[in-house]
Student: 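Please find one structure pasted underneath; my questions will follow.
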Amino acid sequence: MTTRFDALTADAAWQKVWDDRQTFAARDNSGKPQSYVLEMFPYPSGKIHMGHVRNYTMGDVLARFRRMRGYEVLHPMGWDAFGMPAENAAMEQGVHPGGWTRANIATMKAQLKRLGFALDWSRELATCEPDYYGHEQSLFLDLLAAGLVYRKESSVNWDPVDMTVLANEQVIDGRGWRSGALVEKRKLSQWFLRITDFADDLLDGLGALEHWPDKVRLMQENWIGKSQGLKFRFDLSDGETVEVFTTRPDTIFGASFVAVAADHPIAQALAATNADAAAFIDRCKRGGTTAAEIETQEKLGFDTRITAAHPFDATLRLPVYIANFVLIEYGTGAVFGVPAHDQRDFEFATKYALPIRRVVSDGDHTDPAFDGTEAYTGPGTLVNSHFLDGMDIEDAKRAVITRAEAGGWGHGSTVYRLRDWGVSRQRYWGTPIPIIHCAACGAVPVPKDQLPIILPEDVSFDIPGNPLDRHPTWKHVACPACGGDAVRETDTLDTFADSSWYFIRFASQPKDKPFDKAVAESWLPVGQYIGGVEHAILHLLYARFWTRALKHMGMLDIAEPFTGLFTQGMVTHETYKSADGRWLSPDEVNDGIETATGTPIVPGRVEKMSKSKKNTVDPTGIVDRYGADAVRWFMLSDSPPERDLPWSESGIEGAWRFIQRLWRLFDGDAAEPGQGGDPALDRKLHQTIHGIGEDIGSLAFNKAVAKVYELATAIERAAPSPSRDNAVRDLMLMVAPMAPHLAEEAWAASGQDGLIADAPWPAVDPTLLVEDEVTIAIQVNGKLRDTLVMPKGAARDTVEAAALASDKIVRLLDGKPPRKVIVVPDRLVNLVA
RNA sequence: GCGGACGUGGCGAAAUCGGUAGACGCAGCGGACUUAAAAUCCGCUUCCAUCGGAGUGCGGGUUCGAGUCCCGCCGUCCGCACCA
């Protein structure tokens with residue numbers, strides 16, 4: 001009768017058909033409504049992992065679904081191909097970063113193709129190729145011309161062994177993550193992008209991103225970190241001034257000291273003549289930066305012997321300290337301390353016996369002597385504050401700012417946590433920054449007709465440092481301005497620059513420019529972007545900035561790059577450790593025993609798949625064993641997509657069994673043609689079509705999968721009829737986005753024309769969505785006691801009478817009439833006894 | 001410390017508007033088919049129990065009615081972190 005679904009043969013056959021026919025190539029002017037579905041492009045690290053499979057399966061289901069709904073869908077794939085791992089591989093294995101990267105791309109591309117994703121491979125791009133990064137260089141020059149790029153001396157983490165700059169995340173306990181060398185702070189000239197120019201706009205724009213997770217919007221909001229307050233100057237006893245920033249100008253009469261950061265000019269100046277000050281500053285810099293260290297670190301200060309005049313009473317002199325808890329990067333790098341109303345200031349004042357003066361009443365206390373054990377930061381009324389007395393905090397803030405502005409010693413000010421984006425990296429495997437340094441002309445942009453500046457291939461990684469910098473010839477060029485001897489910039493761009501505009505290049509990729517404005521705008525913004533939450537801040541913020549910068553320059557009129565964002569959960573797997581603490585792979589364990597040694601194991605938590613915990617599962621072997629559709633099905637089943645998905649052998653086998661079950665249903669023999677309708681099945685079918693459409697549209701794939709199971713069961717149990725044949729055919733269409741190979745095979749086998757990938761989504765008959773009979777719950781005092789089947793829309797009286805007539809209810813009410821009756825039409829009757 | 005999310009059977013989960021808690025899947029148990037096994041199909045499967053009762057982390061509250069709303073706790077996970 002029926003055969004088994006031979007996934008391996010079917011997968012290859014249909015993938016070839018899609019390829020040959022260019023089924024998923026997006027046409028720029030098809031006349032259909034356009035839809036852009038994008039998953040975050042992968043870094044070509046070697047092989048794809050289950051996280052990729054899950055991510056791309058979700059995007060694929062949506063892309064295929066939208067095609068069936070009549071959209072021209074752009075669903076591209078590419079490679080975030082620059083980055084450190086390629087250089088590490090070069091150092092460790094003696095391979096060239098380019099060769100390593102391109103080989104990985106080939107491997108991973110084959111793996112993605114094996115899963116049958118509906119991708120437009122004609123638009124594939126890799127950021128490490130000159131036909132991508134050359135255009136990025138051009139955009140960098142545009143940003144430079146628009147005043148959005150500048151060069152500044154900046155302090156960086158320098159690894160003296162590897163001779164390179166490290167990102168903050170690469171510094172672990174003050175040491176380089178590779179070399180283990182103590183990291184030094186070095187001043188280097190670096191290129192910066194003016195992301196802070198757009199801080200307010202990036203913040204305001206979040207409000208309109210209603211299809212983003214709240215969590216991500218909040219993370220970006222906190223990252224931008226807007227604070228409003230007052231910047232003002234203190235006159236100092238040495239004739240200088242110091243500017244401070246505060247969000248609590250209302251507490252100014254509670255000030256008892258001024259504190260500056262160790263790197264503040266005042267501190268640096270003092271250190272030049274005062275050895276104790278210099279020693280203190282050194283000590284501050286040695287302080288750890290881990291969470292625990294900051295938590296327990298004592299507030300330390302160094303009294304400069306300088307005093308500051310209180311702006312409202314020059315006879316009041318505040319001591320000026322250098323303090324370890326003041327950050328040079330934030331605000332002005334200097335603060336005034338109000339111990340009674342700021343916890344850090346409180347700790348500092350307690351240690352150095354400085355006055356602690358109450359200026360905000362907590363409702364119970366108003367006297368200046370503050371006797372709490374911690375600072376009071378709650379709401380209240382101003383006290384002991386001259387002209388502010390009696391005001392609430394907000395009024396007092398405004399009053400102080402008004403006086404400061406009138407007196408010319410301060411002004412209302414907004415401060416951001418967000419810093420400008422430093423994009424210089426002292427690395428080889430990145431986009432060369434298109435600048436030439438000339439002794440006479442300074443930093444000169446490379447003329448656009450000389451782009452791309454191509455990375456030299458003949459480089460070595462046998463000694464530390466930047467191979468571009470020590471290349472014998474590459475950097476030596478003539479100055480484009482004066483023709484004299486000059487050198488190229490040897491830094492490359494942060495790889496986050498590459499991913500800040502790749503989605504635009506996917507939409508439009510002319511040879512002679514980064515993108516065509518009209519074509520790009522026809523596809524953008526990305527309607528649905530899917531990726532890991534680890535990119536919630538940096539990548540997504542940089543891409544939003546880049547889009548705004550392009551708009552600012554008139555190059556692309558798009559407000560936001562991604563209007564819909566979905567952050568999917570991770571794929572997890574159980575972990576095990578041997579009795580002596582080695583991580584064990586789950587297949588080294590059998591029934592609580594380590595197979596190799598026969599000793600009991602220690603089960604760990606279910607955690608994200610990672611090589612170090614030995615709990616990864618390689619997709620390749622799984623796909624070869626179960627076929628692409630079973631893997632895709634498992635990725636969509638059970639767990640909601642935003643939550644973690646626990647990998648299990650029984651889970652993938654269950655998916656495989658269901659694929660076979662669908663095949664038996666699709667391939668069933670039609671010996672008994674059947675006659676007449678099956679209204680119940682018709683109704684179930686249309687409710688399912690409607691429900692699955694809603695579920696896929698809202699990315700609730702686990703719910704869509706459950707509905708497929710239900711409908712499959714209903715069809716299996718239905719007698720042969722045209723309704724049943726119709727339901728089988730529509731079920732093929734509904735599983736086509738999720739299990740496309742099976743669906744194509746079944747579609748062809750059942751004699752349908754064309755590809756199911758090109759077929760339209762089945763239409764819903766709205767009249768079939770409503771049941772004609774409903775089950776009504778009968779409650780007594782809110783507790784379910786009986787149920788009742790009634791025609792839909794039955795009158796209240798009828799329902800009430802039927803409920804009261806129920807044997808069970810009669811018994812429970814014991815002859816007494818209910819005190820109150822609540823009837824919810826078509827749902828329930830609640831009798832209050 | 002600040003901010004956020006989450007907490008439902010043995011497990012993954014569903015319940016979209018405050019209206020029958022546990023759909024669907026996994027695992028398990030029983031049965032059919034088979035010489036046998038696998039596969040497949042059918043049934044059972046929140047807990048305690050005889051009627052019946054209890055039950056969505058814990059304690060309160062609002063309501064005819066709470067997994068869902070409010071208040072207070074506890075726990076887990078995530079992000080940021082001396083941000084003035």
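Each chain gets a letter, A, B and so on, in the order its sequence line appears, and its residues count up from 1. Side chains are part of it too, since the values below use all heavy atoms of this structure and drop only hydrogens, waters and symmetry mates.
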Student: Examine His310(A) together with Phe234(A) and report whether their ring centres are nearer than 6.0 Å.
Tutor: no
Student: Between Tyr376(A) and Phe370(A), what is the shortest heavy-atom contact and its length?
Tutor: N-CZ, 3.9 Å
Student: Mind checking whether Phe658(A) and Tyr709(A) have ring centres under 6.0 Å apart?
Tutor: yes
Student: Produce a footprint string for nucleotides 11-22 of chain B: one letter per nucleotide, 5' end first; B if the base is under 4.0 Å from any protein heavy atom, S if only the sugar-phosphate is, - if neither.
Tutor: -BSSS---BB--
Student: Could you encode protein contacts along nucleotides 39-53 of chain B as a string, one character per nucleotide from 5' to 3', using B for base contact, S for sugar-phosphate-only contact and - for no contact, with a heavy-atom cut-off of under 4.0 Å?
Tutor: -SSSS---------S
Student: Got a salt bridge between Arg661(A) and Glu716(A), using NZ or NE/NH1/NH2 to carboxylate O under 4.0 Å?
Tutor: yes
Student: Return one dot-bracket line describing RNA chain B 5' to 3' (Watson-Crick or G-U wobble pairs, both distances under 3.5 Å; ( ) same strand, [ ] crossing, | another strand, . none).
Tutor: (((((((..(((......[....))).(((((.......))))).(((...)))..(((((..]....))))))))))))....
Student: I want to verify the glycosidic state of C17(B); is it syn or anti under the 90° rule?
Tutor: syn
Student: For G25(B) and Tyr709(A) - does any side-chain N or O of the residue sit under 4.0 Å from the phosphate oxygens OP1/OP2?
Tutor: no
Student: If you assign each of Gly333(A) and Gly651(A) to its closest nucleotide in RNA chain B, which residue comes earlier from the 5' end?
Tutor: Gly651(A)
Student: Are Arg4(A) and Trp663(A) in a cation-pi contact, defined as NZ or CZ under 6.0 Å from the six-membered ring centre and within 45° of the axis?
Tutor: no
Student: Do you know which two heavy atoms are closest between Tyr352(A) and Lys299(A), and how far apart they sit?
Tutor: CE1-O, 4.1 Å
